[in-house]
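A quick write-up on the structure given underneath.
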Amino acid sequence: MARLAVLASGNGSNFQAIVEALRAAAAAGGRRHGCVLLVHDRRAAYAAERARALGVPARYLPYAGRSREEAEAELAAALDEAGAELVALAGFMRLLSPAFVAARRGRVVNVHPAVLPAWPGAGSIRRAYEAGAAEFGATVHFVDEGMDTGPILIQEAFRPAPGSSLAEIERATHEIEHRIYPRAVLGLLDAIEAEGRA
Ligand code: GAR
């Protein structure tokens with residue numbers, strides 16, 4: 001078994017898709033990885049509700065009123081306490097510090113709703129839509145010091161039918177995310193478990 005922690009700021013649909021995929025893989029036999037912690041930096045994040053419903057321990061990590069380093073020290077302690085070997089950012093809208101990333105290189109992944117390196121940053125689907133982009137999609141990548149810049153693990157693109165609405169494109173993008181992110185996370189947890197056995 002390898003242990004995953006997820007960091008989220010909002011809705012948490014990717015968090016839920018990952019937890020369900022881990023449980024489905026365990027039920028199918030063999031791959032018994034666990035999501036041991038959800039960390040959310042917004043008190044009212046719906047991801048926390050999902051964690052309660054899924055039975056995943058959740059921890060609120062406020063950033064307000066203190067430095068990023070102080071918040072990250074608490075984050076690091078929570079991850080260590082939970083024994084997390086892989087960290088998945090799922091709509092976590094904060095940049096991790098270079099020191100935090102360097103200490104966990106190759107062990108922190110992110111999903112982004114665009115075909116990186118196109119459209120990094122927040123609000124990427126809307127910005128691409130408003131610019132008249134022909135191609136949309138999603139990317140899973142390792143986290144490095146930049147914003148949505150680390151080495152790419154999986155990427156899938158699509159070309160919406162002419163006249164598609166923003167809502168239709170968002171829905172299609174999230175469907176891709178919910179498919180490729182759990183797949184990437186499961187693969188990494190398999191590799192971490194295999195490393196532990198070697
Ligand atoms: C997802 O579309 C994710 O790719 C995006 O936030 C959304 C969170 O949805 N992340 C970024 O834009 C990071 N730059 P969710 O909370 O329902 O998983």
Which residues share a salt bridge (charged side-chain N to carboxylate O under 4.0 Å, His left out) with Arg183, sequence neighbours left out: none
Considering residues at least two apart in sequence or located in another chain, which fulfil the salt bridge (charged side-chain N to carboxylate O under 4.0 Å, His left out) criterion with Asp144? none
Hits for side chain to side chain contact (heavy atoms under 4.5 Å, CB included) against Tyr46, two or more places apart or cross-chain, chain-then-number order -> Asn11, Glu49, Arg50
Is any side-chain heavy atom of Arg179 less than 4.5 Å from a side-chain heavy atom of Glu156? yes
So with a 6.0 Å cut-off around CE of Met1, is the heavy-atom count from everything else above 12? yes
Do Phe158 and Ile169 come close enough that some side-chain heavy atom pair is under 4.5 Å? yes
Check side-chain hydrogen bond (donor to acceptor under 3.5 Å, both in side chains) between Arg107 and all other residues, then give those that pass, not counting sequence neighbours. Glu195
Quick one: list whatever passes side-chain hydrogen bond (donor to acceptor under 3.5 Å, both in side chains) with Thr173, sequence neighbours left out. none
Any side-chain heavy atom of Val39 within less than 4.5 Å of one from Phe92? no
Considering all heavy atoms of both residues, which atom of Pro120 and which atom of Arg127 are nearest to each other, and what is their separation? O-NH2, 2.7 Å
Glu168: salt bridge (charged side-chain N to carboxylate O under 4.0 Å, His left out) partners, not counting sequence neighbours: none
Mind checking ring-ring contact (aromatic ring centres under 6.0 Å, His included) for His112 and listing every partner two or more places apart, or none if nothing turns up? none
Trp119 and Thr139, any side-chain heavy atoms less than 4.5 Å apart: no
Under-4.0 Å salt bridge between Glu193 and Arg31: no
Run the side-chain hydrogen bond (donor to acceptor under 3.5 Å, both in side chains) test against Arg32 and tell me which residues pass, sequence neighbours left out. none
Taken in chain and number order and not counting sequence neighbours, the residues that satisfy salt bridge (charged side-chain N to carboxylate O under 4.0 Å, His left out) with Glu145 are Arg105
Indicate yes or no: at least one non-hydrogen side-chain atom of Leu96 is less than 4.5 angstrom from one of Leu75. yes
Is any side-chain heavy atom of Val6 closer than 4.5 Å to one of Val19? no
List the residues meeting side-chain hydrogen bond (donor to acceptor under 3.5 Å, both in side chains) with Asn14, not counting sequence neighbours, and say none if there are none. Glu177
Acceptor/donor pairs from residues 82-90 side chains to any protein atom, 3.5 angstrom cut, sequence neighbours excluded:
residue : atom : partner : partner atom : Å
Glu85   : OE1  : Arg3    : N            : 2.6

Under the rule for ring-ring contact (aromatic ring centres under 6.0 Å, His included), what residues qualify as partners of Tyr60, not counting sequence neighbours? His40
Is there side-chain contact between Asp190 and His33, with at least one heavy-atom pair below 4.5 Å? yes
